[in-house]
Amino acid sequence: MTLRTLPLTLALMAAFTGPATAQSLSQLFEAAKGHDATYKSARSQFDASLARAEQAKALLRPTANLGANVSESNIELPTLNRQTGARNMTFSGTQPLYRPGNKASYEQGMKQVALGEAQLKIAEQDLIVRLSQAYFDVLTAQESLNFVKAQKSAVSEQLAAAKRNFEVGTSTITDTREAQARFDLVTAQEIAADNDLRVKQGILADTVGQPQVKPQPLLVAANIDRLQTGTVQSWVAQSSQDNGNLTAARIALEVARLEIEKARAAEKPTLDLNASYGMARFQNGSQVQVNNNTATIGVAFNMPLYTGQASQNRIRETVALEEKARNDLEAAQRNVAQSTRTAFFGVESGLSQIKALQAAEASSQSALDANKLGYQVGVRINIDVLNSQSQLFQTKRDLAKARHDVLVGQLRLRQAAGVLKADDVKNLDGLLRP
């Protein structure tokens with residue numbers, strides 16, 4: 001590389017390695033669907049259930065087989081030298097007429113498709129929540145770092161003022177030492193906040209499979225309240241109908257009932273329609289040649305008489321498993337209802353907390369202004385100002401975190417109700433600042 005081309009090369013590298021463009025939540029969701037192993041596993045499981053359903057359909061369809069056999073023999077004796085050969089080919093087919101076990105297996109295969117759909121829905125909703133949690137965790141960590149830096153700047157100004165006042169004799173060394181101690185503490189907090197941000201960024205990057213991810217921040221005037229509608233009873237009722245885990249548990253109960261039918265079918269007779277066509281060619285040296293074509297058609301009836309108590313115990317096993325599936329469904333219904341109530345009250349509490357923190361932020365700002373004025377006129381000491389600053393920035397951090405937590409909590413509520421969709425991610429994009 002020559003010296004003339006070096007500036008141009010550096011300019012091009014800077015253009016392609018500049019600051020990463022902020023990405024919306026929906027953009028990262030699309031990237032996560034192609035990277036997240038848990039979601040891709042559920043997608044593969046759904047594809048497998050489709051193939052399993054086609055296998056179940058084959059149990060009701062006819063089967064056909066083609067068989068062929070060729071043999072040659074050479075007999076050599078002192079008085080006899082003879083060569084014989086045989087050629088056989090058979091085509092056969094079977095059509096089940098009455099096989100109750102096959103019918104139950106077919107219905108189970110169709111249920112497996114519905115189960116795969118429910119599991120894929122659960123995986124997608126889980127990905128939305130995990131991605132959103134990681135997304136807003138980064139924003140929370142970024143806000144915390146920004147507030148710590150702002151607090152450090154304010155404490156630095158207070159430290160400088162305390163040093164000036166001490167030099168001119170209007171304050172004691174205690175003010176300077178208190179400000180220095182607070183500055184050192186905020187510096188340590190800045191280091192911890194920066195490390196926390198790096199960790200959260202790494203988690204988000206691993207979720208979406210991209211090395212550099214920069215989330216779009218939440219709008220200051222974002223109307224979070226509009227995302228919360230309905231009562232706790234309505235959300236619980238919604239979850240009892242649409243929750244993916246409940247859907248999967250209901251399907252599992254239906255599959256268990258069909259398994260009982262399969263077990264009972266082992267004691268029932270079966271009836272098949274069989275047909276075959278065979279061609280045989282036999283030649284004994286050059287003297288005898290026989291051609292034989294045979295066509296058969298008929299029905300095959302089979303009636304189990306005694307299975308060594310295997311079928312009876314299989315029935316008992318499936319009945320017990322059906323009872324287990326019923327109890328699992330009941331437990332899932334209780335857990336989903338409780339999770340929905342917890343998510344609803346969490347969002348409700350978070351919204352109330354936001355309002356309280358907004359009021360606290362205004363009060364903390366007023367208290368800081370009053371303490372600064374009091375410090376200037378000599379009715380307040382330096383530690384009062386430092387404490388007011390710390391309280392204000394802590395309130396700001398708590399408010400930012402509460403806003404992010406409410407957004408994630410609303411997604412968890414919709415997940416518990418079973419109505420969380422990709423469109424909800426796009427709706428959140430409207431609350432973000434490009």
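Residues: numbered from 1 along the sequence shown.
Salt-bridge check for R326 with E330: failed, with every basic side-chain N at 4.0 Å or more from each acidic carboxylate O. The residues R198 and D194 are annotated as salt-bridged, a charged nitrogen and a carboxylate oxygen being separated by less than 4.0 angstrom. Salt-bridge formation is not detected for the pair E261/R264: no Lys NZ or Arg NE/NH1/NH2 atom is positioned less than 4.0 Å from an Asp or Glu carboxylate oxygen. A salt bridge between K121 and E124 is absent, with no side-chain N of the basic residue lying under 4.0 Å from a carboxylate O of the acidic one. Under 4.0 Å is where a charged nitrogen must lie from a carboxylate oxygen, and between R257 and E107 no such pair does.
For the pair Q212/Q201, no side-chain contact is recorded, criterion being any heavy-atom separation below 4.5 Å from C-beta on. Residues S240 and V236 have side chains not in contact (no heavy-atom distance under 4.5 Å, counting atoms from C-beta outward). Side chains of L321 and E317 form a contact here, defined as non-hydrogen atoms less than 4.5 Å apart. R341 is not listed as a side-chain neighbour of W235, based on a closest heavy-atom distance of 4.5 Å or more. Side-chain contact between Y106 and L59 is absent, with no heavy atoms from C-beta onward closer than 4.5 Å. Counting heavy atoms from C-beta outward, L407 and Q410 have side chains that approach closer than 4.5 Å. The shortest distance between side-chain heavy atoms of D36 and L131 does not fall below 4.5 Å. In this structure, the side chains of Q180 and D184 come closer than 4.5 Å at one or more pairs of heavy atoms.
Contact record, A252 with A325: O-CB, 4.2 Å, taken as the closest heavy-atom pair. The heavy-atom pair separating A422 from F29 by the smallest distance is CB-CE2, 3.8 Å. Residue A280 comes nearest to N293 through the heavy atom pair N-OD1, 4.4 Å, listed as atom of the first residue, atom of the second, then distance. The minimum heavy-atom distance linking A300 with N274 is given by the pair CB-ND2, 3.3 Å. Of all the heavy atoms in Q151 and S390, the pair that sits closest is NE2-CA, 3.4 Å. Residues Q216 and L139 share a closest heavy-atom pair of O-CD1, 3.5 Å.
Within a 6.0 Å radius of NZ in K103, no more than 12 heavy atoms belonging to other residues, nucleotides or ligands are found.
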(message) V232 vs F345, test: side chain to side chain contact (heavy atoms under 4.5 Å, CB included). Steps then yes/no.
(response) CA-CA 8 Å; V232 63; F345 292 131; 4.1 Å; yes
(request) Walk me through it: do S49 and F46 pass the test side chain to side chain contact (heavy atoms under 4.5 Å, CB included)? (result) CA-CA 5 Å; S49 67; F46 175 67; 3.8 Å; yes
(request) Applying side chain to side chain contact (heavy atoms under 4.5 Å, CB included), run through V208 and V213 and close with a yes or a no. (result) CA-CA 9 Å; V208 301; V213 181; 3.7 Å; yes
(request) Starting from the C-alpha separation in whole Å, work towards a yes-or-no answer on side chain to side chain contact (heavy atoms under 4.5 Å, CB included) for Q358 and L399. (result) CA-CA 7 Å; Q358 288 172 340; L399 177 58; 3.9 Å; yes
(message) Is there a salt bridge (charged side-chain N to carboxylate O under 4.0 Å, His left out) between K401 and D405? Walk through the geometry before answering.
(response) CA-CA 6 Å; K401 184 177 186 302; D405 289 346; 2.7 Å; yes
(message) Could you go through N387 and R182, starting from their C-alpha distance and side-chain angles, then the distance that decides it, and tell me whether this counts as side chain to side chain donor-acceptor pair (under 3.5 Å)?
(response) CA-CA 9 Å; N387 288 337; R182 186 61 57 90; 3.0 Å; yes
(request) Please report the C-alpha distance between E259 and R314 in whole Å, then the side-chain angles of each, then the deciding distance to 0.1 Å, and finally whether the salt bridge (charged side-chain N to carboxylate O under 4.0 Å, His left out) criterion is met. (result) CA-CA 10 Å; E259 195 66 28; R314 175 58 181 164; 2.4 Å; yes
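A donor and an acceptor atom, one from each side chain of T94 and D272, are nowhere located under 3.5 Å apart. Remark: the Q394 side chain and the D398 side chain contain an N/O donor-acceptor pair separated by less than 3.5 Å. At a cut-off of 3.5 Å, with distance as the only test, no side-chain donor of Q95 or R61 sits close to an acceptor on the other residue. There is a side-chain donor-acceptor pair under 3.5 Å between Q210 and Q23. Q119 and Q45 are not linked by any side-chain donor-acceptor pair at a separation below 3.5 angstrom, with hydrogens and angles left out of the test.
For the pair R99 (side chain) and T270 (backbone), a donor-acceptor distance under 3.5 Å is absent. Checking side-chain atoms of S44 against main-chain N and O of K40 turns up a donor-acceptor pair under 3.5 Å. For the pair S234 (side chain) and T231 (backbone), a donor-acceptor distance under 3.5 Å is present. A distance-only check finds a donor-acceptor pair linking the side chain of Q27 to the backbone of S24 [under 3.5 Å]. Judged by distance alone, with hydrogens and angles left aside, the side-chain atoms of T342 form a donor-acceptor pair with the main-chain N or O of Q338 at under 3.5 Å. At distances below 3.5 Å, at least one donor-acceptor pair connects side-chain atoms of S105 with backbone N or O atoms of G101.
One distance of note links CZ of R52 with CG of D47; it measures 11.5 Å at 0.5 Å rounding. From L218, atom CG reaches atom OG1 of T140 across 9.5 Å, with rounding to the nearest 0.5 Å. For the atom pair N245 CG and D328 CG, the distance stands at 12.0 Å (nearest 0.5 Å). The OG atom of S153 lies 8.0 Å from the CZ atom of F393; values are rounded to the nearest 0.5 Å. Put simply, OG1 on T340 and CZ on R412 are 13.0 Å apart, with the number rounded to the nearest 0.5 Å. Taking CZ of R414 as the start and CG of D424 as the end, the distance is 4.0 Å to the nearest 0.5 Å.
Each of K396, K355, R397 was compared with E361 under the salt bridge (Lys or Arg N to Asp or Glu O under 4.0 Å) criterion, and only K396 meets it. Each of V319, N313, T318 was scored for a side chain to side chain contact (heavy atoms under 4.5 Å, CB included) with R316, with one residue passing: N313.
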